[in-house]
Protein chains: 2
Amino acid sequence: MKKKFDINDLKKIHLFSDLSESELGKILSISHYKKFSRGEILFFDTEPFHGFYCVLEGSIKLYKISTEGREHIVHIMNPYNTFGEVPVFENYEDVLNDKAVYPINAMAIEDDTEVFVVSAKPFLSYLKQYPEISLKFLSTLSKRLKLLNNHIEGLTLHDIKRRLAKYIIDEYENTSREMKKIEKTKKIILKKSDSIELSISKYDLASHLGTILETLSRTFKKLQDEKIIEVHGKKIAILDIKKLKSYSA
Amino acid sequence: MKKKFDINDLKKIHLFSDLSESELGKILSISHYKKFSRGEILFFDTEPFHGFYCVLEGSIKLYKISTEGREHIVHIMNPYNTFGEVPVFENYEDVLNDKAVYPINAMAIEDDTEVFVVSAKPFLSYLKQYPEISLKFLSTLSKRLKLLNNHIEGLTLHDIKRRLAKYIIDEYENTSREMKKIEKTKKIILKKSDSIELSISKYDLASHLGTILETLSRTFKKLQDEKIIEVHGKKIAILDIKKLKSYSA
DNA sequence: CGTAACCTTGATTAAGATCAATTCTCGTGG
DNA sequence: CCACGAGAATTGATCTTAATCAAGGTTACG
């Protein structure tokens, strides 16, 4: 496997954005690069924990599976996200004694998904020397907690139409935000389009919304029949953003 | 309001257990004591954030509410737990500019629920001086993330019978663990009983399991009909722990 | 152009929510 | 001590949402 990541990749990771070159070098020295094809497993639930992951390219689903084989996607991880940090902090001793395990399954959902893995044990001693980094982690974990809270809220208090509406609105606002960022840095104006491009398969979307493919398909249709959206494959055109927002509230 | 908490109370909070007397004194100086009756609100979702809470006595439900008024309890907080820390770390700037908000509702579910509130702004500057405490927070938040993960797993992948079975088993194992602790410290042997005492109302239990009172009642009945448990008010006798565990897996 | 993966649609079923009526429990005051 | 009433819990009948089962259609890609 060609080693094709360096300090410049690390700088893009929010977690490490404030570190100096020498500190980044240390992180680099305790990490290794990995590449996955679509469908390949990064780790399984309850498998021994060895380190946490940072995404460089592609995307990864974090999911749980029921005994009957039903799958639920808890998170989708995209470039510059980190995941699998929970065991690092949850029980310090367990990590040192190789008793820690991953709490979830992780699978690449795109080809050429590139990650690097930071080894847990050396990282723990590193953490003590650079306490500022733990504040970064606190921020990361807090944001994740908030995400999970919202996810639970959706699952328990909203029906699938609302969940789907919320997903579309969130995706729409994320891409708008991304576009603004690009406009700012590149000093160009991008054409604003009232549509989104699904970044995951409909199967995975269903699993993330806590339902199944068939029900998702019907729900898309309902929103189409109400003239709120128009679906063309992975492209969702938003026809009536007000109504869509009223559902997603 | 009588001020009836001191450094000894603080010591019992996991978060502060490693701090010196003088450090605890500082925490004390930026905290204040509050007492609530059953049903009183500590804070509402989206209300301005001022500080995080530590429980001394009683218990508190953290819950979300849908527009239709349906409630879902995400956590029950008991003595020596802390909650409402997420906004502290989620966005540092927002806290300093008084823009942060609580992410959830909190209500006392017992009379004489006692808490103390640590003011966010002074705590943030304190945190920078004592970085070890952020490791404690990382551990707390990681554990909470794992809890939420399991909660989501239950909500999406298990039916209500399984969720209830899991709740009973968890409560049973928690009390067993508590008993062992007491036996160790007090050097006595407690009679082991194969039963648990529900610490919350059945309404709240239903809401925590993602269902309603009626369905919970019927589910209790199903488990009774299968001779797995026996329900007498708040007391649940476990008749067949093997079967119960097989459901909760 | 063929085949596999992906998606849609229809018919049926099942789990759990809702609505409605009682019953149980327990604290309060007569 | 009993009666009352309020809140808590149970039970039954019905309805709704979404899962399951089954079949067919689309798309992408070698």
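Per chain, numbering begins at 1; letters A, B, ... match sequence-line order. Values reported hereafter were calculated over all heavy atoms of this structure, with side chains retained and with hydrogens, waters and symmetry mates removed.
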Colleague: Look at A/K221 together with A/D225 and state whether they make a salt bridge at an N to O cut-off of under 4.0 Å.
Modeller: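 Result for this pair is no, no salt bridge flagged.
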Colleague: Where does the chain B footprint on DNA chain D start and end, counting 5' to 3' with a 4.0 Å heavy-atom cut-off?
Modeller: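 On DNA chain D, the outermost contacted nucleotides are D/dA8 to D/dA13.
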Colleague: Which distance, rounded to the nearest 0.5 Å, do you find between the CG of A/L209 and the CG of A/D204?
Modeller: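 Going from the CG atom of A/L209 to the CG atom of A/D204 covers 11.0 Å.
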Colleague: Would you kindly give the CD-to-P distance between B/E71 and C/dT18, to the nearest whole Å?
Modeller: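 These atoms are roughly 13 Å apart.
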Colleague: Rounded to whole Å, how long is the line connecting atom CZ of B/R70 with atom P of C/dG16?
Modeller: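 It works out to 12 Å between those atoms.
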Colleague: Expressed in angstrom and rounded to an integer, what is the separation of B/H158 atom NE2 from C/dA15 atom P?
Modeller: 16 Å
Colleague: When you match A/G210 and B/I200 each to their closest nucleotide on DNA chain D, which lands nearer the 5' end?
Modeller: B/I200
Colleague: Tell me if the centroids of the rings in A/F49 and A/Y102 come within less than 6.0 Å of each other.
Modeller: yes
Colleague: Using whole Å, report how far CG of B/L155 lies from P of C/dA15.
Modeller: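 Distance, rounded to whole Å: 18 Å.
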Colleague: Using OP1 and OP2 only, check whether a side-chain N or O of B/T215 sits under 4.0 Å from C/dA15.
Modeller: no
Colleague: Which heavy-atom pair separates A/T113 from A/G58 by the least distance, and what is that distance?
Modeller: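 Scanning both residues, the minimum pair turns out to be OG1-CA, 3.6 Å.
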Colleague: Could you tell me the separation between the CD1 atom of A/I212 and the C1' atom of C/dT9, rounded to a whole number of Å?
Modeller: 13 Å
Colleague: Could you check how far CD of A/E68 sits from P of C/dA14, rounded to whole Å?
Modeller: 16 Å
Colleague: Do the charged groups of B/E90 and A/K146 touch, with an N to O distance under 4.0 Å?
Modeller: yes
Colleague: So what does B/R163 hit on the nucleic acid, given a heavy-atom distance under 4.0 Å: a base, only sugar-phosphate, or nothing?
Modeller: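 No contact.
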Colleague: To the nearest angstrom, how far is B/Y203 atom OH from C/dT25 atom C1'?
Modeller: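 Value for this atom pair: 20 Å.
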Colleague: Take B/E214 and A/L213, find for each the nucleotide of DNA chain C with the closest heavy atom, and name the residue whose nucleotide sits nearer the 5' end.
Modeller: A/L213
Colleague: Please list, in numerical order, the residues of residues 217-240 of chain A that have a heavy atom closer than 4.0 Å to any atom of DNA chain D.
Modeller: A/R218
Colleague: Using atom CG of A/D159 as one end and atom C1' of C/dA17 as the other, report the distance to the nearest whole Å.
Modeller: 13 Å
Colleague: Does a salt bridge link A/D45 with A/K64, judged by any charged N lying under 4.0 Å from a carboxylate O?
Modeller: yes
Colleague: Check every strand shown and say whether B/L216 touches a base, only sugar-phosphate, or nothing at a heavy-atom separation below 4.0 Å.
Modeller: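 Contact class for B/L216: none.
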Colleague: Mind checking side chain to side chain donor-acceptor pair (under 3.5 Å) for A/H208 and listing every partner two or more places apart, or none if nothing turns up?
Modeller: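 In terms of side chain to side chain donor-acceptor pair (under 3.5 Å), with neighbours along the sequence ignored, A/H208 is linked to no residue.
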Colleague: Kindly state whether the ring of B/H50 and the ring of B/H32 have centres lying under 6.0 angstrom apart.
Modeller: no
Colleague: Between the side chains of B/E153 and B/R162, is the shortest nitrogen-to-carboxylate-oxygen separation below 4.0 Å, so that they form an ion pair?
Modeller: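 No, B/R162 and B/E153 are not salt-bridged.
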